[in-house]
Asks: 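Input: one structure, supplied below.
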Amino acid sequence: MPRDPWREVLDEAESLRTRAALSLKIPPISVPWEEPDESLGDLAFGCFVYGKRMLQAPESIASRLAPAFSKGRFIAGASAAGGYVNLRVDATTLATETLRAVGETGETYGRGDPQKERILLEHTSVNPTGPIHVGRARNPIIGDSLARILRFAGHPVTTEYLVNDVGKQMVLMYWGVTRLTPEQVGPADSEKEDHTLLPYYVKANELAEKDARVGQEVDALIRRFEGGDAELTREISNVSRRVLSGSLQTLERIRVGFDGFFWESELILQGKVPPVVNRLANLPDARQENGAYFIDMAPYGVKGRETKWFITKSDGTSLYPTRDIAYHLDKFSRCDVAITVLGENHRLEFEQLRTALRLLGEREPEAVFYSYVVLPEGAMSARRGRVVTMDDLIEEAVSRALDEVRSRRPELPEARMREIAETVGIASLRYNIVRVQPEKKITFRWEEALNFEGNSAPFLQYAHARTCGILNKAGGLEPYDPARLTHPQEARLVKVLSKLPNTVQRAAADRRPHEIAGFAYTVASQFNLFYRDCPVLTADPPIRAARLALVDATRVVLQNALECLGLPAPREM
RNA sequence: GGACCCGUGGCCUAGCCCGGAUAAGGCACCGGCUUUCUAAGCCGAGGAUCGAGGGUUCGAAUCCCUCCGGGUCCGCCA
């Protein structure tokens, strides 16, 4: 039975407000709740809108409204100040309910009720031509965090990677891998196949431009491929599988995995594209130009130099956007809501996709857009050799974390140090990306990406490790009386903990993982203050017992918030 | 030519959707706190005309308009 203590507080406040207003014959107006400065109360709302509606001073309304509030289970009292009504939440009741919720739901505190709505979340989907670089790093991290949050919120979620294993770039890759020797392409910087195969792709691109004979060979392959040569399509797909296997190892190390993969080649081989082409070409809006079908999207809000959206080439072969439509129709046969995590450069294309689906009378997907990570000197570019790969970043993060562990915990055995370093390094990297709103651009700087203090993953993990440390030494939980939690800092901590379920629901509904990051930071921060102000193990037995329950609740909340972000929660650091 | 995204102390970010009571954190810098549950912590100090200008409003970082700066996109590529 999931519980949401803060939601109960809000619901009660709302109903008390309605009753108070009714008793004064004040029209019920929905005014948003805010959280005022602690010295004023726990919840508040301004009476300015009432004032305007009733042509009275907000101060006077507030001072009449406040006394009309009756006490509730949570709401202990109301007072008026400066046109606001401030409500005070009873600390003991909130502590009782919050700790009981954690006690009853255990490690699952914060998890939402099971939802019916099946969500298919597509993310990452980088072209399998080489290692994933940091410029794209936000996609898997945002995508995986969002998947975790949606699942925790109660949704059945399937994550999927669209493997773009067709098209010219893959034909080039295939040509390179099958025709070039290791001596021709030079050495790779790693044994993983995403790294070892990249040089073939780079060399193939170079030769195709410079050498006319190579260009002809590649063109011939492209013609065979576009002619529907199934054998060739499979061979090309196999190359992409090899590259992908390398990238997946990297993703696995940062705790990103997928429930499924969708191969674009399969879409083609299974003949799912022509029916879609037909449907599109038969739309009333479809036009023809030199044998190529298109839809002019200008009437549908698409603006710019070119508003034609092409369905086919003049030779009748399909284009990527058309295949994407076919893919989405397939998606919708398997889910209720389709979400895709996309780089900001795909905004227009996504609008076109939605428009085309709308014209077909089909459902439309949602998207979460992010800006690419750039280097201080500009965008990452494989061609200009200006790249930091995910593998580089991971190695550096873990190695710096190991230095930290060595200096902070010299007494630990080497293997344990390495374990903690991996945990901290990976978490730092994920947290630094997920804590920022996706649409803000991030400039990659080592010193920021690998900062282990302040608002960073280790800060959160450290707070979690501290809770575990206390609980370990305590030996076990005991029966407790929540009324023994009388310190203001205990109340602050309780209040934050009570908000986990509500925060999860909001972050899931808004598709905003960074809200969980902010929440986790607040929890850790409030716990650190509690840690300073309220000794646990040495407190008098009744207080000790109550504080232990609070520490355990904090542990659960941190663990679950960290889990939602894909950050490991170490028991010691 | 057009569309979209971003612009908050020296640096990075939250708040913006849903307008409210002195704009909240982190980094960096300076000064403190460890016989007490791990100092990856805590406390204190300084530092912001919330890009600029108009408008709406009793009230604007938040909504509207214009402009400036940065980014992205407008292929019979994917």
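Note that these values count all heavy atoms, side chains included, but never hydrogens, waters or copies made by symmetry. Letters A, B, ... mirror the listed sequences (proteins, then strands); counts begin at 1.
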Asks: Measuring only the C1' atom in each nucleotide, how far is B:U8 from B:C27? A whole number of Å is fine.
Replies: 16 Å

Asks: Do any N or O atoms from the side chain of A:D315 and from the backbone of A:T317 form a donor-acceptor pair under 3.5 angstrom?
Replies: yes

Asks: In terms of the nearest nucleotide of RNA chain B, which residue is placed more toward the 5' end: A:H346 or A:N455?
Replies: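 Here A:N455 is the residue nearer the 5' end.
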
Asks: Could you pull out all residues at least two apart from A:D533 that satisfy side-chain contact (heavy atoms from CB on, under 4.5 Å)?
Replies: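 For A:D533 the side-chain contact (heavy atoms from CB on, under 4.5 Å) partners, ignoring immediate neighbours, are A:H487, A:Q489.
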
Asks: Can you list every salt bridge (Lys or Arg N to Asp or Glu O under 4.0 Å) pair that touches residues 542-557 of chain A, not counting sequence neighbours?
Replies: A:E107-A:R555, A:E478-A:R544, A:E490-A:R547, A:D552-A:R555

Asks: Looking only at atom C1', what distance separates B:G59 and B:A23, rounded to whole Å?
Replies: 15 Å

Asks: Where do N or O atoms of nucleotides 62-64 of chain B meet protein N or O atoms at under 3.5 Å, pair by pair?
Replies:
none

Asks: For A:V166, which contact category applies under a 4.0 Å heavy-atom criterion: base, sugar-phosphate, or nothing?
Replies: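 Sugar-phosphate only.
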
Asks: Round to the nearest Å and state the distance from A:R435 atom CZ to B:G15 atom P.
Replies: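 Distance, rounded to whole Å: 12 Å.
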
Asks: Touch check for A:V374, heavy atoms < 4.0 angstrom, all strands: base, sugar-phosphate only, or nothing?
Replies: nothing

Asks: Would you please name every residue forming a side-chain contact (heavy atoms from CB on, under 4.5 Å) with A:A81, sequence neighbours left out?
Replies: A:N86

Asks: Just checking A:L529: base, sugar-phosphate only, or nothing, at a heavy-atom cut-off of under 4.0 Å?
Replies: sugar-phosphate

Asks: Name the pairs: protein N/O against N/O of nucleotides 2-7 of chain B, kept only if under 3.5 Å.
Replies:
unit_1: B:G7; atom_1: OP1; unit_2: A:K440; atom_2: NZ; d: 2.8

Asks: Listed by chain and number, what are the side-chain contact (heavy atoms from CB on, under 4.5 Å) partners of A:R416, not counting sequence neighbours?
Replies: A:L412, A:P413, A:E419, A:I420, A:E572

Asks: Quick one: which residue pairs count as a salt bridge (Lys or Arg N to Asp or Glu O under 4.0 Å) with a foot in residues 444-464 of chain A, not counting sequence neighbours?
Replies: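 Counting only pairs at least two positions apart or across chains, the salt bridge (Lys or Arg N to Asp or Glu O under 4.0 Å) contacts touching residues 444-464 of chain A are A:R408-A:E453, A:R445-A:E448.
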
Asks: Expected output check: what is the dot-bracket annotation of RNA chain B, where ( ) and [ ] are pairs inside the strand (brackets for crossing ones), | is paired with another strand, and pairs are Watson-Crick or G-U under 3.5 Å?
Replies: (((((((..((((......[...))))..((((.......))))......(((((..]....))))))))))))....

Asks: Check every strand shown and say whether A:R512 touches a base, only sugar-phosphate, or nothing at a heavy-atom separation below 4.0 Å.
Replies: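 Touches sugar-phosphate only.
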
Asks: Remember a base hit wins even if backbone is also touched, and classify A:F48 as base, sugar-phosphate or nothing at under 4.0 Å, heavy atoms.
Replies: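 Base contact - A:F48 has a heavy atom under 4.0 Å of at least one base atom.
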
Asks: With heavy atoms under 4.0 Å as the rule, sort A:Q461 into base, sugar-phosphate or nothing.
Replies: nothing

Asks: What is the distance from CG of A:D219 to C1' of B:C77, rounded to the nearest Å?
Replies: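 One finds 14 Å between C1' of B:C77 and CG of A:D219, rounded.
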
Asks: Between A:P321 and A:F452, which is nearer to the 5' end of RNA chain B once each is assigned its nearest nucleotide?
Replies: A:F452

Asks: So is the aromatic ring of A:Y84 stacked onto the base of B:A21, judging by whether the centres are under 5.5 Å apart and the planes are under 30° apart?
Replies: yes

Asks: Kindly write out the residues that satisfy side-chain contact (heavy atoms from CB on, under 4.5 Å) with A:I236, not counting sequence neighbours, or none if the list is empty.
Replies: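 Only A:M170, A:V171, A:Y174, A:F225, A:L232 meet the side-chain contact (heavy atoms from CB on, under 4.5 Å) criterion with A:I236.
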
Asks: Distances under 3.5 Å only, N/O to N/O: pair up the protein atoms with those of nucleotides 28-39 of chain B.
Replies:
unit_1: B:C37; atom_1: O3'; unit_2: A:K473; atom_2: NZ; d: 3.2
unit_1: B:C37; atom_1: O2; unit_2: A:V536; atom_2: N; d: 3.4
unit_1: B:C37; atom_1: O2; unit_2: A:L537; atom_2: N; d: 3.2
unit_1: B:C37; atom_1: N3; unit_2: A:V536; atom_2: N; d: 3.1
unit_1: B:C37; atom_1: N4; unit_2: A:Y531; atom_2: O; d: 2.3
unit_1: B:C37; atom_1: N4; unit_2: A:C534; atom_2: O; d: 3.2
unit_1: B:U38; atom_1: OP2; unit_2: A:K473; atom_2: NZ; d: 3.2
unit_1: B:U38; atom_1: O5'; unit_2: A:Y531; atom_2: OH; d: 3.4
unit_1: B:U38; atom_1: O2'; unit_2: A:Y462; atom_2: OH; d: 2.5
unit_1: B:U38; atom_1: N3; unit_2: A:M573; atom_2: O; d: 2.9
unit_1: B:U38; atom_1: O4; unit_2: A:M573; atom_2: N; d: 2.6
unit_1: B:A39; atom_1: OP2; unit_2: A:R466; atom_2: NH2; d: 2.5
unit_1: B:A39; atom_1: OP2; unit_2: A:Y531; atom_2: OH; d: 3.4

Asks: Taking A:D219's backbone N and O only, do any of them form a donor-acceptor pair with A:R224's side chain (distance below 3.5 Å, no angle check)?
Replies: no

Asks: Check nucleotides 59-61 of chain B against the protein and report each pair of N or O atoms closer than 3.5 Å, with its distance, or say if there are none.
Replies:
none

Asks: Do any pairs count as a salt bridge (Lys or Arg N to Asp or Glu O under 4.0 Å) and have a residue in residues 512-528 of chain A, sequence neighbours left out, and if so which ones?
Replies: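 Passing the test, one end in residues 512-528 of chain A: A:R506-A:E515, A:R512-A:E515.
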
